[in-house]
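Have a look at the structure below, then the notes.
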Number of protein chains: 2
Amino acid sequence: MTTWEPVRRVRAFEAVLDRIESRIAAGTLKAGDRLPGERQLAEALGVSRASVREALRVLEARGVLVSQTGSGPDAGAILAADPDTALSDVLRLHVGLDSLSLDEVIGARLMIERWSAAEAARAAGPEALSRMRAALTAMDDDGLTPAEFVEHDTAFHVAVTEAAGNRLIAHMMRALRASVRHYAVRAVTDLGPWPAAAQGLRADHEAIYRAIAEGDPEAAATAAESHLRRVYPTTPPPPPS
Amino acid sequence: MTTWEPVRRVRAFEAVLDRIESRIAAGTLKAGDRLPGERQLAEALGVSRASVREALRVLEARGVLVSQTGSGPDAGAILAADPDTALSDVLRLHVGLDSLSLDEVIGARLMIERWSAAEAARAAGPEALSRMRAALTAMDDDGLTPAEFVEHDTAFHVAVTEAAGNRLIAHMMRALRASVRHYAVRAVTDLGPWPAAAQGLRADHEAIYRAIAEGDPEAAATAAESHLRRVYPTTPPPPPS
DNA sequence: TCCATGTCTGTGGTCAGACCACAGTACGGT
DNA sequence: ACCGTACTGTGGTCTGACCACAGACATGGA
């Protein structure tokens with residue numbers, strides 16, 4: 001007797017997912033396109049509307065879909081392209097589950113920020129530099145709360161990463177910052193009395209900016225690293241040299 | 001008259017998501033725990049079972065939940081900790097949507113593989129080295145198809161990244177490889193006649209392994225980079241020096 | 001006593017149908 | 001020409017039902 005091939009149980013929403021993802025992979029569906037209505041899709045695929053909706057929720061969680069109520073051209077399910085929130089949600093949850101430690105997130109940031117600063121020093125144009133400068137200027141206000149300061153700090157570092165010219169790495173950077181934003185504010189307040197403690201951070205940023213503007217990759221990477229180590233003195237596990 | 005703050009429309013499944021994620025963040029729920037049944041959860045939260053299910057689908061997409069039918073201790077919704085498939089699904093879809101280019105994925109791999117090789121050279125112990133060696137040995141078989149070869153190739157590179165000691169970066173690495181696995185096989189077959197073309201790859205891997213085993217971070221990083229550039233000669237945009 | 005068999009029970013998976021809130025659009029009256 | 005209202009199609013939600021599955025348990029025969 002031959003062995004029986006067990007039937008592969010595929011849930012209905014997974015089948016729906018397959019059909020939609022196939023069209024995305026094939027290029028039939030691209031960002032900005034509208035999906036058919038839920039009722040229409042359900043009938044076309046031979047499943048219930050509930051199963052279609054579960055598939056849409058998954059696509060939404062992956063950052064490739066947004067749904068809007070109402071009528072008109074903007075209503076319905078529209079293909080999007082926003083990996084940031086999807087990635088940061090995944091990371092944030094797994095940090096909460098201790099599947100990832102804060103140290104590891106900081107370690108990943110260390111890798112990305114070193115790389116970004118070095119690449120930015122090679123590639124940054126005047127437009128990218130002015131965006132960094134804008135974030136630096138916003139951080140000069142002594143009236144900022146730590147939380148507000150961190151927002152501008154993130155804007156600066158994201159601008160650096162974007163200047164490096166790799167959108168995927170920029171997405172990772174934004175996701176990493178967003179997933180540990182809560183801890184970042186805490187780390188900053190732990191630095192010492194506020195707003196005096198901000199001075200050291202401003203000097204760090206200025207050093208990074210200068211190295212990038214002067215096109216010195218090595219100095220930029222070193223400045224980025226020492227900045228991160230100042231904010232998270234205890235955490236990063238592997239000494240760099 | 002004051003401006004009216006518009007009521008923030010929160011969909012029912014998002015409210016469910018909030019409650020569950022709060023417990024994860026607070027540590028009340030940890031990996032391995034079981035969620036109440038869908039019916040029970042629906043009644044406790046005052047929403048329909050369909051809304052609960054949509055929330056569970058999202059958590060499943062984020063890699064923090066698995067659902068199983070049947071009864072007994074293993075049935076039901078169980079908290080998991082698998083970021084890999086979640087991350088790679090996100091990346092794969094966005095590559096398909098042209099939100100990310102293949103070049104950018106390769107660029108990110110370049111960054112991670114350089115870093116991993118260098119860190120592995122500092123940190124790899126005998127157990128990690130033997131796992132790399134096992135993958136190398138598996139690649140020595142001339143009867144392998146390109147697809148099989150790539151599987152072992154991935155195992156080697158993942159072993160290197162894991163030896164570097166940062167699980168988050170290892171997750172990223174696995175996700176990146178998985179999301180472009182299809183292209184990797186193609187790139188390998190484009191190298192030239194098979195299995196002759198495998199020889200060059202074996203030599204590359206051997207060089208990486210040797211540098212790691214000898215504890216030479218610089219050589220390891222350089223070897224990893226030149227290996228990736230051999231497989232993807234046209235793609236990487238920013239010249240490294 | 002032991003083991004095979006069938007039944008019970010609680011789990012997720014699926015479906016059909018109904019109603020609501022919302023936002024454009026078309027039509028009608030002014 | 002203008003404005004307001006009804007219409008229509010969208011996602012959002014709920015109810016209640018049924019199915020498939022797998023462990024736990026009772027039952028019965030060897």
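Convention: sequence-line order gives letters A, B, ...; per-chain numbering from 1. Small disclaimer: the values here were computed from a predicted structure and weren't measured. Atom set for the values below is all heavy atoms of this structure, side chains included, hydrogens, waters and symmetry mates excluded.
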Please state how far atom CZ in B:Phe13 lies from atom C1' in D:dT13, giving the value in whole angstrom units. 12 Å
Sort and list the pairs that fulfil salt bridge (charged side-chain N to carboxylate O under 4.0 Å, His left out) and have at least one residue in residues 157-166 of chain B, not counting sequence neighbours. B:Arg131-B:Glu162, B:Glu162-B:Arg174
Please tabulate, one pair per line, each protein N/O and nucleotide N/O from nucleotides 2-6 of chain D that are separated by under 3.5 Å, including the distance.
none

Whole angstrom is fine here: how far is it from CD in A:Glu38 over to P in C:dC20? 18 Å
Shortest non-hydrogen separation from B:Val58 to A:Ala61 and the atoms involved: CG1-CB, 3.9 Å
Is any side-chain N or O of B:Arg9 closer than 4.0 Å to OP1 or OP2 of C:dC22? yes
Please state how far atom CD1 in A:Ile78 lies from atom P in C:dG24, giving the value in whole angstrom units. 12 Å
Students often get this wrong, so: under 4.0 angstrom with heavy atoms, is A:Gly70 touching a base, only sugar-phosphate, or nothing? base
What's the spacing between B:Trp194 CH2 and B:Leu144 CG if we round to 0.5 Å? 7.5 Å
Interatomic distance, B:Arg109 atom CZ to B:Leu102 atom CG [nearest 0.5 angstrom]: 9.0 Å
A quick test of your reading: do over 12 heavy atoms of other residues, nucleotides or ligands sit less than 6.0 Å from CZ of A:Arg133? yes
Inter-residue atom distance A:Glu104.CD - A:Ser99.OG, 0.5 Å rounding: 8.0 Å
Measure CD/A:Glu14 against P/C:dG13 and give the value in whole Å, please. 9 Å
Enclosure of A:Arg19 CZ (heavy-atom neighbours >12, cutoff 6.0 Å): no
Please say whether more than 12 non-hydrogen atoms of neighbouring residues, nucleotides or ligands are located less than 6.0 Å from CZ in A:Arg186. no
May I ask you to say what A:Ala12 touches in the nucleic acid, namely base, sugar-phosphate or nothing, with a heavy-atom cut-off under 4.0 Å? sugar-phosphate
In whole Å, I'd like the distance from the CD atom of A:Glu43 to the P atom of D:dT10. 13 Å
Which distance, rounded to the nearest 0.5 Å, do you find between the CD of B:Glu54 and the CZ of B:Arg11? 8.5 Å
Presence of salt bridge, A:Glu60 and A:Arg57, under 4.0 angstrom: yes
Short of 4.0 Å, heavy atom to strand atom, which residues of residues 45-53 of chain A count as contacting DNA chain C? A:Gly46, A:Val47, A:Ser48, A:Arg49, A:Ser51
One character per nucleotide, please: for nucleotides 4-9 of chain C, 5' to 3', B when the base has a protein heavy atom closer than 4.0 Å, S when only the sugar-phosphate does, - otherwise. ------
Would you say CZ of B:Arg23 has more than 12 non-hydrogen atoms from neighbouring residues, nucleotides or ligands within 6.0 angstrom? no
When you measure from every atom of DNA chain C, which of residues 54-67 of chain A have a heavy atom less than 4.0 Å away? none
Rounded to whole angstrom units, what separation is found between the CD atom of A:Gln68 and the P atom of D:dT10? 14 Å
Using a cut-off of 6.0 Å, state whether more than 12 heavy atoms not belonging to A:Glu14 lie near its atom CD. yes
Hey, is the side chain of A:Arg39 poking within less than 4.0 Å of OP1 or OP2 on D:dG9, counting only N and O atoms? no
Please list, chain by chain and in numerical order, all residues satisfying side-chain hydrogen bond (donor to acceptor under 3.5 Å, both in side chains) with A:Arg92, sequence neighbours excluded. A:Asp89, B:Glu21
Need to verify one output field. Residue with the more 5' nearest nucleotide on DNA chain C, A:Thr69 or B:Gly37? B:Gly37
Are any non-hydrogen side-chain atoms of B:Tyr183 and B:Ile106 less than 4.5 angstrom apart? no
